[in-house]
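One structure below.
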Protein chains: 2
Amino acid sequence: MSAQGAPFQPVQPVRAYQRVAEQIEDRILSGDLPPGSRLPAERELVNQFAVGRSTVREALRVLQSAGLVRSRPGDPQGAEVLGVTSDNLSRALGRLARSQISTLGELVQFRMVLEAESNRLAARLHSESDLARMSEQIERMESLSKVGLHAFSEADALFHRAVAEASGNSLLGLCARAVHDAVVEVIEQKIAKAADATVWMERSVAHHRQVLAAIRDGDGARAAQLGRQALYDYYADHVEDDTRRLLTAALEDG
Amino acid sequence: MSAQGAPFQPVQPVRAYQRVAEQIEDRILSGDLPPGSRLPAERELVNQFAVGRSTVREALRVLQSAGLVRSRPGDPQGAEVLGVTSDNLSRALGRLARSQISTLGELVQFRMVLEAESNRLAARLHSESDLARMSEQIERMESLSKVGLHAFSEADALFHRAVAEASGNSLLGLCARAVHDAVVEVIEQKIAKAADATVWMERSVAHHRQVLAAIRDGDGARAAQLGRQALYDYYADHVEDDTRRLLTAALEDG
DNA sequence: GAATTCAACTGGTCTGACCAGTCGCCTGGT
DNA sequence: ACCAGGCGACTGGTCAGACCAGTTGAATTC
């Protein structure tokens with residue numbers, strides 16, 4: 001042990017733009033500066049922080065790349081506060097997916113885990129209004145399946161969001177969505193959904209009805225297994241051969 | 001459907017610093033510019049990209065805040081490429097935790113899900129060398145428990161990393177680590193570990209041995225349950241009262 | 001050969017300028 | 001009284017050039 005009691009902590013230099021960014025970020029995260037509110041103009045921030053404009057701009061860049069803020073040229077009201085979103089999470093996961101660090105198989109497996117767990121928790125913790133929302137989205141999916149794939153996917157996303165809300169864990173939902181986006185980004189062009197989109201959408205609606213039924217029954221295991229199986233069926237043929245065992249392993253987890 | 005065939009896509013302006021950042025990011029993600037390699041100096045990038053220095057700097061700020069590069073004043077070799085890490089994921093999750101969007105209970109529950117699933121998959125897919133690595137880290141934890149909490153935690157992290165590698169899904173490990181860091185950031189000061197750190201470390205070593213045994217036996221369910229239970233025992237008293245049911249629900253999943 | 005000095009870098013910051021875009025007011029015509 | 005159009009005062013995006021403090025490595029000195 002050290003003889004002089006608490007040793008001094010090493011201190012690394014803190015850049016000016018970091019302190020500016022931290023101050024603004026703290027205000028946003030603390031609820032001061034709520035979403036929709038506006039930051040002062042850059043030249044005004046220069047006065048308030050007593051730093052150069054480039055410093056202010058680098059700080060704003062950091063906040064913007066974190067998804068906390070959005071700025072638009074010529075906006076007389078200054079940068080808009082967006083609040084905390086899952087955008088940055090999605091981007092981070094997307095990068096992991098695009099790098100060799102994680103393969104498509106890992107992404108899909110991860111999604112299987114997240115959606116299955118989301119379903120399982122929803123089965124345990126759902127409320128009546130949650131069920132109503134899920135049901136509503138399934139109806140929308142069915143009606144939108146005649147309109148187009150894009151609208152259909154949107155309703156699909158809303159269904160999963162409703163499930164995530166029912167599970168009581170928004171984080172699960174956000175991550176699942178981020179991974180979903182990452183998967184789509186990586187693989188979308190490889191799957192020629194358009195060929196039998198109608199058939200696929202019909203089957204998807206039927207699958208979602210099954211999930212909803214399992215959640216309503218409080219049968220977490222079945223809800224989880226349904227989610228896993230659907231992902232497996234859909235993606236198993238498209239992942240690298242050597243990572244398919246990951247999916248198989250995840251599939252048999254329940 | 002539209003009468004003119006494919007409609008034109010709306011186009012939003014792309015800033016110069018974005019294109020600079022994208023070019024560099026692509027090179028990093030594609031494996032060109034591997035971790036440890038160096039970017040040219042800023043003034044050299046100014047020449048190569050034919051933009052002003054502030055533009056280059058804003059691009060570098062974006063990359064740096066994404067955890068892809070790190071720069072240091074006076075470094076004659078230029079910014080260092082870090083590759084894709086979980087840092088940004090951690091920061092994003094930390095922000096979600098610090099805002100009202102997600103509670104500590106959700107974070108812990110999420111961690112329960114991730115670690116349990118990681119353990120379960122490791123039990124199914126592990127190799128002998130994986131087991132050796134886990135065992136080695138447990139030995140290190142035991143010996144380091146006399147040195148200090150910090151060193152202990154480091155070995156602990158390496159154990160979980162070994163588990164994640166055994167599970168075949170690095171994404172799970174990175175996310176688990178990110179959530180772990182976020183939890184630590186939010187709650188660390190609230191838990192007075194120091195008081196009975198020795199006792200806690202002893203119990204932790206015993207717990208890790210149990211997990212390792214379950215993984216070695218291929219008993220995924222038990223490995224998962226052990227992971228969940230340990231987190232529950234450790235954190236249940238520290239989460240908000242109204243989110244403890246989340247942990248309970250996650251606990252009873254297996 | 002080892003210690004010291006120094007010059008050529010580096011990234012961080014500031015200043016001041018210009019551009020294109022946006023908004024709001026103010027004017028002119030109806 | 002109302003609406004259209006234009007004009008100016010902003011905005012953020014970009015560039016150029018300068019200075020500073022820090023690092024590095026080679027030349028210099030002992």
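Reminder, nothing fancy here: chain letters follow the sequence lines and each chain counts from 1.
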Query - Check against side chain to side chain contact (heavy atoms under 4.5 Å, CB included), B:Y235 and B:L104 - result: CA-CA 10 Å; B:Y235 288 110; B:L104 179 61; 6.0 Å; no

**Report entry** Check: B:A164 main-chain N/O paired with B:S167 side-chain donor or acceptor under 3.5 Å
**Finding:**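 Pair found, side chain donor or acceptor close to backbone of B:A164.
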
Query raised in the report: Which residues, if any, of residues 54-61 of chain A bring a heavy atom under 4.0 Å of DNA chain D?
Result: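 The stretch gives A:R57, A:R61 as the residues lying under 4.0 Å from the strand, ordered by number.
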
Query raised in the report: Which residues in residues 38-48 of chain B have at least one heavy atom lying under 4.0 Å from any atom of DNA chain D?
Result: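 The stretch gives B:R43 as the residues lying under 4.0 Å from the strand, ordered by number.
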
**Report entry** Protein-nucleotide distance (B:R15, atom CZ; D:dT14, atom P), rounded to Å
**Finding:** 6 Å

Query raised in the report: Which residues satisfy the side-chain contact (heavy atoms from CB on, under 4.5 Å) test with B:R15, sequence neighbours excluded?
Result: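 Checked B:R15 against side-chain contact (heavy atoms from CB on, under 4.5 Å); matches are A:P73, B:P13, B:Y17, B:Q18.
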
Query raised in the report: Just the endpoints, please: which first and last nucleotides of DNA chain C, 5' to 3', lie under 4.0 Å from a heavy atom of chain B?
Result: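 So the outermost contacting nucleotides come out as C:dT10 to C:dT13.
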
Requested in this report: Flag yes if more than 12 heavy atoms outside A:R161 fall under 6.0 Å of its CZ atom; otherwise flag no.
Outcome: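 For A:R161, atom CZ is not crowded (no more than 12 foreign heavy atoms under 6.0 Å).
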
Query raised in the report: Would the number of heavy atoms belonging to other residues, nucleotides or ligands and lying under 6.0 Å from CZ of A:R70 be above 12?
Result: no

Check side-chain hydrogen bond (donor to acceptor under 3.5 Å, both in side chains) between [X] and all other residues, then give those that pass, not counting sequence neighbours.
X	value
A:N88	none
A:S30	none
A:E165	A:R133
A:E240	A:T243

Requested in this report: Taking all heavy atoms of B:L96 and all of A:T85, pick out the closest pair and write down the distance.
Outcome: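 Shortest heavy-atom contact: CD2-O, 4.2 Å.
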
Query raised in the report: If you look at every heavy atom in A:L89 and B:A92, which pair is closest and at what distance?
Result: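 Where A:L89 meets B:A92 most closely, the heavy atoms are CD1-CB, 3.7 Å.
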
Query raised in the report: What residue among B:L172, B:N119, B:L171 forms side-chain contact (heavy atoms from CB on, under 4.5 Å) with B:L114?
Result: B:L172

Query raised in the report: So how far off straight is the helix from C:dG1-D:dC30 to C:dT30-D:dA1, going by the axes through five pairs at either end, to 10°?
Result: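 Taking the rotation axis at each end, their angle is 20°.
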
Query raised in the report: Does some side-chain heavy atom of A:D181 sit less than 4.5 Å from a side-chain heavy atom of A:R177?
Result: yes

Query raised in the report: Could you give all pairs that pass the ring-ring contact (aromatic ring centres under 6.0 Å, His included) test and reach residues 160-179 of chain B, with sequence neighbours left out?
Result: B:H160-B:H208

Query - Non-neighbouring partners of B:F49 that pass ring pair (Phe, Tyr, Trp, His ring centres under 6.0 Å), sequence neighbours left out - result: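 Ring pair (Phe, Tyr, Trp, His ring centres under 6.0 Å) check on B:F49 returns nothing, list empty.
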
Query raised in the report: Using a heavy-atom distance cut-off of less than 4.0 Å, which residues of residues 67-80 of chain A contact DNA chain C?
Result: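 A:R72, A:P73, A:G74, A:P76 - these, ordered by number, are the residues of the stretch whose heavy atoms sit under 4.0 Å from the strand.
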
